[in-house]
Amino acid sequence: MANLQPVRGTRDIHPDERQRHRFIEETARNVAARYGYTEISTPIFEFSEVFKRTLGDTSDIVTKEMYTFEDKGGDEITLRPEGTAGVARMLISGGLAQDLPLKYFYRGPMFRYERPQKGRFRQFHQTGIELLGVPEPLGDVEVIALGASVLNELGLLSKTTLELNTLGNAESRNSYREKLIAYFNDFRSDLSEDSQDRLERNPLRILDSKDKQDQNIVANAPEFSESLDGESKEFFAAVTEGLDVLSIAYRLNSRLVRGLDYYCHTAFEFTTWELGTQGTVLAGGRYDGLVGQMGGTSTAGVGWAAGIERLAMLAEDIPEEVRPIAIIPVVPELQDKSLEIAQDLRSRGFTIEFGYRGNMSRRLKRANKLNAIASVIIGPDELERGAATVRNLDSGDQQEVSLEVLADHLKQFS
RNA sequence: GCGGGUGUAGCUCAGCUGGUUAGAGCACUAGAUUGUGGAUCUAGGGGUCGUGGGUUCAAAUCCCAUCACUCGCCCCA
């Protein structure tokens, strides 16, 4: 514990930023609700197996990014690095396969042991949706449309590009994989060190390498589209058609691949150019193989996850917190009376700040700093007449108001 | 895990090639203003110069290590 700093890659979220996060979460939750998605939450840790079995042994998440530890009972536990595996596990352990289709929304912290960077943390937050039990391309369309709606409501759709690709079904993907390996093997020694490694573990990854030399080699690599079989092509065509119907703009990107093993068919990413290298803001795809791989009855799935920190960095029009009304006793003897009034107003739904100490001037200063919209000044003179002074802190106008109608009068400020 | 940059007050930073008690603006506290905030003026509090070691008569300043942050690679939301 060095100097009471938070653990690397974790941080405190102060009120202003938490407000931004909450706005994003609530927007996503509301939009998802309109599509019929209801909120769930799964534990933030699971048996390590849950992630190992589903994410694939070759993914970086499993090989180097998991927060794994043994608990006191000797079980191997992992803090969740993403949300989908937990939802799939929930489907199986809850016996929910008979209630398909299911539509879930979730939000919460995720954990990855990575080197922190802009827009990347060891504890970060995602919000996401999962659509289970819909093998039709209409599911992909709905999921992408929902993602676009969320970005739109956040005012961020214009700052992003939707990139779209298909990984085809399992057969198509395997045959493409073989063609790629054959192709890249001829250039093996010319590939970057990273890509030589990828050739063993995850050849599709070479396609989006940022190395110049790699890109030259990739330029002539076989195209995915040539390996797609009839079913895969048809599926993808239906997805793009649906997006066209909804006028959702996309850019086909045959180099877009996914790090996680369970994806098939549709893969998509909403990317921004405003966050430097961590530009992916909302991404997902279809994962029909996941539930089966985990040991449940094979169930179709599509979904996405969005990074809340990243969205928060982009979002501009965050609604401000409710502005309080300050109650200010003019003399110490009126503290109790003021407290009663404050309590009464709070019970009626008003947001009330009660300065704790100091003379009137001091309390007004404090009210101003709290961005109070008005103050109710409780003074002996008015009180004799059963009234208080209400001051509008934006305009400076003030007037005497009978205590009986105080609450009604204050409604103009909420 | 790998490479580059940065670390001085709560915040933004100044402090030249080492030289006495380390500075500014903003913020904070108090007063001018014993029934009126946002402006102004005055006074005040606050810093182991990230941490540890080294060089030196002398280190915020030079060297090494370490930690944190940051940008990029890997990977990803």
Side-chain angles (χ1 to χ4, degrees), chain A residues 1-11 14 24 28 55 58-65 81-84 107-128 147 160 192-195 197-198 201-202 205 208-211 214 257-260 269-272 275-284 303-314 326 328-332 334 355 358-383 388-398:
Chain A
M1 189 172 66
N3 276 337
L4 291 182
Q5 284 167 336
V7 174
R8 180 173 219 192
T10 69
R11 38 197 214 108
H14 294 259
I24 285 158
L55 300 179
T58 59
S59 75
D60 271 42
I61 291 187
V62 169
T63 54
K64 61 177 197 189
E65 293 174 3
E82 53 94 41
T84 305
R107 58 150 295 269
M110 305 292 165
F111 306 84
R112 289 182 198 175
Y113 193 87
E114 300 180 280
R115 185 84 177 257
Q117 240 174 276
K118 182 176 189 178
R120 180 161 85 191
F121 310 94
R122 287 187 173 180
Q123 175 176 344
F124 61 107
H125 299 80
Q126 285 187 338
T127 179
T160 62
S192 67
E193 208 174 304
D194 282 328
S195 286
D197 190 42
R198 292 184 182 112
R201 294 172 22 226
N202 197 346
R205 273 275 161 226
D208 62 357
S209 169
K210 286 174 189 168
D211 184 273
D214 284 356
V257 293
R258 309 264 61 190
L260 309 181
E269 286 186 5
F270 286 87
T271 307
T272 180
L275 287 183
T277 180
Q278 310 297 328
T280 301
V281 124
L282 184 155
W304 52 251
I308 291 178
E309 281 84 354
R310 291 183 186 177
L311 291 173
M313 283 189 276
L314 291 177
I328 299 179
V330 170
V331 292
L334 291 176
N359 57 25
M360 190 174 167
S361 169
R362 182 121 308 279
R363 289 181 191 236
L364 268 167
K365 264 187 187 152
R366 196 174 147 70
N368 193 57
K369 201 159 137 193
L370 290 167
N371 194 29
I373 190 166
S375 60
V376 176
I377 297 163
I378 316 288
D381 299 346
E382 301 96 311
L383 207 54
T389 298
V390 174
R391 181 178 177 85
N392 180 325
L393 290 180
D394 285 341
S395 65
D397 299 338
Q398 64 181 45

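Predicted model only: the values in this text are computed from it and were never measured. Just so we're on the same page: letters track the sequence lines, and every chain starts at 1. Side chains included, hydrogens not; waters and symmetry mates left out as well; all remaining heavy atoms used.
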Visitor: Roughly how far apart, to the nearest Å, are B/rC26 and B/rA22 at atom P?
Guide: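 B/rC26 and B/rA22 have their P atoms separated by 23 Å.
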Visitor: Mind checking the P distance from B/rU66 to B/rG1? Whole angstroms is fine.
Guide: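 The same atom, P, in both gives a distance of 12 Å.
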Visitor: Using the 3.5 Å cut-off, write out each protein N or O paired with an N or O of nucleotides 69-72 of chain B and the distance between them.
Guide:
residue	atom	partner	partner atom	Å
B/rC69	OP2	A/Arg8	NE	3.3
B/rC71	OP2	A/Lys118	N	2.7

Visitor: Can you name the side-chain contact (heavy atoms from CB on, under 4.5 Å) partners of A/Val330, sequence neighbours left out?
Guide: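 A/Val330 satisfies side-chain contact (heavy atoms from CB on, under 4.5 Å) with A/Met360, A/Ile377, A/Pro380 once adjacent residues are dropped.
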Visitor: Which pairs would a plain distance check flag for residues 303-314 of chain A, meaning a side-chain donor or acceptor within less than 3.5 Å of a matching protein atom at least two apart in sequence or in another chain?
Guide:
residue	atom	partner	partner atom	Å
A/Trp304	NE1	A/Val143	O	3.0
A/Glu309	OE1	A/His125	N	3.0
A/Glu309	OE2	A/His125	N	3.4
A/Glu309	OE2	A/His125	ND1	2.8
A/Arg310	NE	A/Gly119	O	2.8
A/Arg310	NH1	A/Thr280	O	2.8
A/Arg310	NH2	A/Gly119	O	3.2
A/Arg310	NH2	A/Gln278	OE1	3.1

Visitor: Salt bridge (charged side-chain N to carboxylate O under 4.0 Å, His left out) with A/Arg391: which residues, sequence neighbours excluded?
Guide: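 Applying salt bridge (charged side-chain N to carboxylate O under 4.0 Å, His left out) to A/Arg391 gives none.
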Visitor: If you measure from the P atom in B/rG50 to the same atom in B/rC16, how many Å do you get, rounded?
Guide: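 The same atom, P, in both gives a distance of 14 Å.
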Visitor: With rounding to the closest Å, how many angstrom separate the C1' atoms on B/rU20 and B/rG15?
Guide: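 Going atom to atom, C1' in each nucleotide, I get 16 Å.
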Visitor: In whole angstrom, give me the gap between the P atoms of B/rC28 and B/rA39.
Guide: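 Each nucleotide's P atom is 10 Å from the other's.
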Visitor: Indicate, with a heavy-atom threshold strictly under 4.0 Å, whether A/Arg198 touches base, sugar-phosphate, or nothing.
Guide: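 Sugar-phosphate, backbone atoms only, no base.
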Visitor: Could you run down nucleotides 32-39 of chain B 5' to 3' and tag each one B, S or - for protein heavy-atom contact under 4.0 Å?
Guide: ---BBBB-
Visitor: If you measure from the P atom in B/rA60 to the same atom in B/rG23, how many Å do you get, rounded?
Guide: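 Approximately 14 Å lies between the P atom of B/rA60 and that of B/rG23.
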Visitor: Say we look at B/rA77 and B/rU6: how far apart would their P atoms be, to the nearest angstrom?
Guide: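 One P to the other, the span is 33 Å.
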Visitor: Using a 4.5 Å cut-off on heavy atoms from C-beta on, say whether the side chain of A/Pro329 contacts that of A/Arg363.
Guide: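 Side chain of A/Arg363 against side chain of A/Pro329, heavy atoms only: contact under 4.5 Å found.
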Visitor: If you assign each of A/Gly279 and A/Tyr113 to its closest nucleotide in RNA chain B, which residue comes earlier from the 5' end?
Guide: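 Counting from the 5' end, the first nearest nucleotide belongs to A/Tyr113.
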Visitor: In whole angstrom, give me the gap between the C1' atoms of B/rG47 and B/rU42.
Guide: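 My reading of the C1' atoms in B/rG47 and B/rU42 gives 24 Å.
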Visitor: Quick one: list whatever passes side-chain hydrogen bond (donor to acceptor under 3.5 Å, both in side chains) with A/Arg11, sequence neighbours left out.
Guide: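 A/Arg11 satisfies side-chain hydrogen bond (donor to acceptor under 3.5 Å, both in side chains) with A/Glu17 once adjacent residues are dropped.
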Visitor: By salt bridge (charged side-chain N to carboxylate O under 4.0 Å, His left out), which residues pair with A/Glu114, not counting sequence neighbours?
Guide: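 Here the qualifying residues are A/Arg120.
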Visitor: Please identify each residue that fulfils side-chain hydrogen bond (donor to acceptor under 3.5 Å, both in side chains) with A/Asp394, with sequence neighbours left out.
Guide: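 Here the qualifying residues are A/Arg323.
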Visitor: Using the side-chain contact (heavy atoms from CB on, under 4.5 Å) criterion, which residues pair with A/Ser361? Sequence neighbours excluded.
Guide: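 In terms of side-chain contact (heavy atoms from CB on, under 4.5 Å), with neighbours along the sequence ignored, A/Ser361 is linked to A/Asn359.
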Visitor: With sequence neighbours left out, what residues match A/Arg107 under side-chain hydrogen bond (donor to acceptor under 3.5 Å, both in side chains)?
Guide: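 Here the qualifying residues are A/Glu25.
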Visitor: What is the nucleic acid contact for A/Ala367, judged by heavy atoms within less than 4.0 Å: base, sugar-phosphate only, or nothing?
Guide: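 Nothing, no heavy atom under 4.0 Å.
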Visitor: Let me check I have this right: for RNA chain B, each base becomes ., (, ), [, ] or |, based on Watson-Crick or G-U pairs with both distances under 3.5 Å. What is the full string?
Guide: (((((((..((((.....[...)))).(((((.......))))).....(((((..]....))))))))))))....
Visitor: With A/Arg122, which residues qualify under side-chain hydrogen bond (donor to acceptor under 3.5 Å, both in side chains), at least two apart?
Guide: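 With sequence neighbours excluded, A/Arg122 shows a side-chain hydrogen bond (donor to acceptor under 3.5 Å, both in side chains) to no residue whatsoever.
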